[in-house]
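Below is one structure; the comments refer to it alone.
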Protein chains: 4
Amino acid sequence: MRALSPDQSARRPVGRPREARADRAILSATLELMAEHGVKALRVGEVAARAGVGKATIYRRYRSKDDLVADAFGALVDEQIEVPDSGSTRDDLLTLALETTELYTGTLGAKLLPSLIDEMSRREGLASARDRFMTERRKGLRVVFERGIARGDLRHDLDLEFALDVLAGPLFYRLLVTNGPIDEALASATVELILRGFAPESPRRSQHTKKRHNSK
Amino acid sequence: MRALSPDQSARRPVGRPREARADRAILSATLELMAEHGVKALRVGEVAARAGVGKATIYRRYRSKDDLVADAFGALVDEQIEVPDSGSTRDDLLTLALETTELYTGTLGAKLLPSLIDEMSRREGLASARDRFMTERRKGLRVVFERGIARGDLRHDLDLEFALDVLAGPLFYRLLVTNGPIDEALASATVELILRGFAPESPRRSQHTKKRHNSK
Amino acid sequence: MRALSPDQSARRPVGRPREARADRAILSATLELMAEHGVKALRVGEVAARAGVGKATIYRRYRSKDDLVADAFGALVDEQIEVPDSGSTRDDLLTLALETTELYTGTLGAKLLPSLIDEMSRREGLASARDRFMTERRKGLRVVFERGIARGDLRHDLDLEFALDVLAGPLFYRLLVTNGPIDEALASATVELILRGFAPESPRRSQHTKKRHNSK
Amino acid sequence: MRALSPDQSARRPVGRPREARADRAILSATLELMAEHGVKALRVGEVAARAGVGKATIYRRYRSKDDLVADAFGALVDEQIEVPDSGSTRDDLLTLALETTELYTGTLGAKLLPSLIDEMSRREGLASARDRFMTERRKGLRVVFERGIARGDLRHDLDLEFALDVLAGPLFYRLLVTNGPIDEALASATVELILRGFAPESPRRSQHTKKRHNSK
DNA sequence: TAATAACCGAGACGGTACGTCTCGTCTTAGG
DNA sequence: CCTAAGACGAGACGTACCGTCTCGGTTATTA
C-alpha cells in the first residue's frame, strides 16, 4: 500500500509548503538593508517589514539574526570565477587581478567585506563556508600558476599557497587596512612582482609567452 | 576625543576635575572584556562594574558604546615601532616581517583586529586615527627600503607604497581572509619575494656595502 | 485608558491580542508592592518581576510609572457600597459611618490614601475618576438622608452636599491631618451631631425611628 | 587675650560661618519650585541653581531632599493664629472658619497640601512637626469652644477634640477628597451645625452673657 | 469533501542592554 | 571651615531589539 518512494529520501512534508517568494524577499531585504545601514544597524524587524513578511517567517528559516546575516553574505559570494587561459601567464594573472580589483571596487562588496570578515572571525558556520569557498576558488587560481610553471615563466618549486596570497594580499591590505587605492596600477604591479619574484633561477625564457613587454 | 587644551593658556574649568584614574580604569576594563567575550558581547554595565565606576562616568567621556570601543582600539595601537638597521637589507626586512608576525600571533591583537577593521570602515574618527598611525609607521618602514635602494639591493624606481603593501599584505590576507598560517616561513618567503621581485634590473654589484645612493 | 471598543462592531485588531492575564498580574503586583514599600519606593522593574512580565509589557499599557500608579489607585476604588435601609435614620447613618471607619482602618486603604490624594491633585485622569466615583457613591448616600427627611428626623431644607461632607469630613480630617483615632466613638459622635444639628426646627418626632435610644 | 564669651556656651565655630543668605535662598527656591512643578518634580539640582548655591550647601543643611521638603513645608505653616474673642460664640467660630477658608483658597497652600499630607504619612519627622503644630493651634481654638460652653451656647460635656474636627473636617474633606467648593457658605453652614448640634440639652438661657464657667 | 498540518502576516510577549537622569557624596580652587 | 561648580558611584527610568508565541487565516496533502 502506502509505499511512497521509500528509496527517494525526498519525503514530501505535509502541510502548507514554504513560500519560495518569502525566501527571496528576505534575502533581498537583508542585503539592501545591510548596504544601507551597515551590518550592525540591521534590524530583524526592519527586514521583515521591507520583505513584507512576519518575523516568525524569518525565524522559521534562520535560527538567529547572525544566521540570516551569514546566509546573506553567502549569497553575495556565490558567483563563480572563470579561469583565464590566454596562453600568456602575464595576461592570465592580470585578468585575475583586475577581476578581483573590479569586484571590490563595486559598492556592495567593499562596503560589507569588513563586516563579513568580522563576522567570520567569530562564527564557526561562516568560517567553514569561507573555507569551502576559498578551497574552490584557489583550486581554479592554482591552475594559472601551474600553467606558468609549465611554460617556464615561474619557478617550478613555487609555493602555490604563498603565491596566491601574494596575488590577493596587497589588494586586501589596501582595502581593509591602509585604505590605499585599488586600481589597475595595483593589479599590474602585483603581477609584475610575481613574475619577477617567482621567476625561475636560470633565465631560460618562456616558451608560450609573448616576448616583448614593456611594463607600463 | 582627548585633545582638550589646545595650548597652555587653557582655562582651568571650575568644579571637580575628571579623575584620570577613571579614564584608565574604563579603558582597561573595556580592553579586558573585549578580549574575554568579544566586542559584540561587550556590555557597558559590565565595563562600569569592572572599572568600579558608574555608568554615567563612562557616558560623560564617551557619547556611546561605539565611541568607547573606538577609543579602546585607539589605545591598542599607540605603540611605536623601532626601525632596524643591521646593514643587511634582507635582515632588516626579515626583522620587520617577524615583528609583525609576532604582534598578530599574540592573542589580543589577532582577536580584536577583525572588529577593529569593521569598526574603522564605518567610523570616521577611527579611520583618521588609522591614517595618523599608518603614516607614522610607514615613514619608519620606508627608511629600510630606502637604505636597500641605496645599497643597490632594490631597484631605485621602486614604488615604496606598493612595496610596503607587499611586506604586510600576505600576512594580513592570511590573518583576515584565508586563515592561513602566520609564521616565520611566511615572513621569510615574503622577504625573499621582495628582494627578488624588486631587484635592480642590472645585475647587482654588492649586497651589504653601502655604495652609491641616488635616492629617488 | 480602558475604553477601547466604542461599540460592538469594534474592528478586531490584527496580531496577537494583549493578554488579559498580564493586565491583572501587573495591577496586582503594583498594589502589593505599593502596600509593602509605599508608592514612592515602587519600582517598575520590581512590578514586572513580581507580575512575571517584561517591562515593555507594562509600558505597552501605561505611558509612564505615574500612569500605572494612577490606574492601580483606580482599581482600588472600584468597589461598590450598599445603601442600608433599616427603618431607623440613626441606624442607617451609623452603618454608613462604621463602614467607612472600617474601610480606612484596614491597611491598604489607609496606607495608600495620602498618596492617592496627592496623585489626584496633580493628575487630570485620576481626578475625573474620582469625580465619577464620588458622584456614584454620594447618589447612594443621599438616599439615606432623604429618607431621614421624609421621616421627619432631618430638616427638609437640609443641604445634602454639606450633610455628606459632615458625615465623612471629621473622619478624613483625622485620617489625613490630625492622626486622631478612627473608631466607633467617632462614628457615633458624627451621627449624633448630624441628627441634632440637622434636626427639624419644630420638635415633631420621628415617625419611623425607634423611639428610645441612649447612645452608648 | 582671646577670651570670647567663655561662659556663654555659644561655642563659636572656627572657619567661615554659614551664610544666612543661603538658608533663605534655598527655602525660597524650594517653595517656588514646589509650587511650579509640584513636589514630585522637585529636583535638588534645580533648587541649587535657582538659589545660586552649590548642591553641597543644601546637603550641609539638610540630610536629604525629603528633609528639605519637610522644612519648606514647615516654613509654610509657621504663621500663628489669633484667637478671636468678640463675645459672640457664633461670630468667633465664623471668624475661625473663614480664616481657614481663606488660607486654603490661596494658591500655595492648596497646591501643596496634598503633597504635604502624603509626605507626613510617610515621614516620622514631618509627622511630629505636624503634632507640635496641631497641638499649638488646637490649644488656641479650644479656648473659643470653652468660652461658648461658659456662655451656655454649647453643651458642657462637649467633646472638644471632636468639635475641632467638625470645625475643620468638612473643609478639608472638600479640599482633599471631593473637590467641593471652599467658600463662606461652607464656613457658615459648619458654624451653624456646631451651634445646633452641640447646643445644651436644656433650653439655653442666654447667648452672649458670660455666666458660670466650670471649665473642666 | 472534510480534516489535518504547516504555513502566513501581525504584533504582543519575557528578557536584556542601552543611554539618560537624579540622588547624595566628594574634590577642586577660592573666600 | 565655608563657598560654587561639577564629577563621582549607584541605580531606576523608559526605549529598543531579540527570538518566541499567539492570534485569525491560507494552502497544501491526506482521508
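Protein chains get the first letters and strands the later ones, always in sequence-line order, with residue 1 at the start of each. Note that the structure is a prediction, hence the values are computed from the model and not measured.
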Exercise for the section: Mind calculating the distance between CG (A:Asp67) and C1' (F:dC18) to the nearest angstrom? Expected result: 14 Å
Exercise for the section: Sugar-phosphate atoms are those with a prime plus P, OP1 and OP2; base atoms are the rest. Using that split, label each nucleotide of nucleotides 14-20 of chain E B, S or - for protein heavy atoms under 4.0 Å, 5' to 3'. Expected result: SB-SSBB
Handout entry: Atom pair distance, as rounded to whole Å: CG in C:Leu68 and P in F:dC13
Key = 10 Å
Completion exercise
Test side chain to side chain donor-acceptor pair (under 3.5 Å), reference C:Tyr62, set C:Asp67, C:Asp71, C:Thr30, output is C:Asp71
Identify each donor-acceptor pair in which a side-chain atom of residues 39-47 of chain D lies under 3.5 Å from a protein atom, sequence neighbours left out, and give them as a table.
from: D:Lys40; atom 1: NZ; to: C:Asp66; atom 2: OD1; distance (Å): 2.9
from: D:Lys40; atom 1: NZ; to: C:Glu119; atom 2: OE2; distance (Å): 3.4
from: D:Arg43; atom 1: NH1; to: D:Lys40; atom 2: O; distance (Å): 3.4

Exercise for the section: List for me each residue that meets salt bridge (charged side-chain N to carboxylate O under 4.0 Å, His left out) alongside D:Arg50, sequence neighbours excluded, and say none if there are none. Expected result: D:Glu32, D:Glu36
Problem - Contacts of A:Ser115 that satisfy side chain to side chain donor-acceptor pair (under 3.5 Å) - sequence neighbours left out - result: B:Asp118, B:Arg122
Exercise for the section: Please tell me which of C:Gly15 and B:Gly15 maps to the more 5' nucleotide of DNA chain E, matching each residue to the nucleotide holding its nearest heavy atom. Expected result: C:Gly15
Practice task
Go through the structure and list residues passing side-chain contact (heavy atoms from CB on, under 4.5 Å) with C:Ala70, not counting sequence neighbours.
Solution key: C:Arg123, C:Leu126
Handout entry: base_contact_polar (F:dC21 base, C:Arg16 side chain, donor-acceptor, <3.5 Å)
Key = yes
Check residues 52-61 of chain D and write down every donor-acceptor pair under 3.5 Å in which the side-chain atom is one partner and the other belongs to a residue at least two apart or another chain.
from: D:Arg61; atom 1: NE; to: D:Asp23; atom 2: OD1; distance (Å): 3.2
from: D:Arg61; atom 1: NH1; to: D:Thr57; atom 2: O; distance (Å): 3.0
from: D:Arg61; atom 1: NH2; to: D:Glu19; atom 2: O; distance (Å): 3.3
from: D:Arg61; atom 1: NH2; to: D:Asp23; atom 2: OD1; distance (Å): 3.1

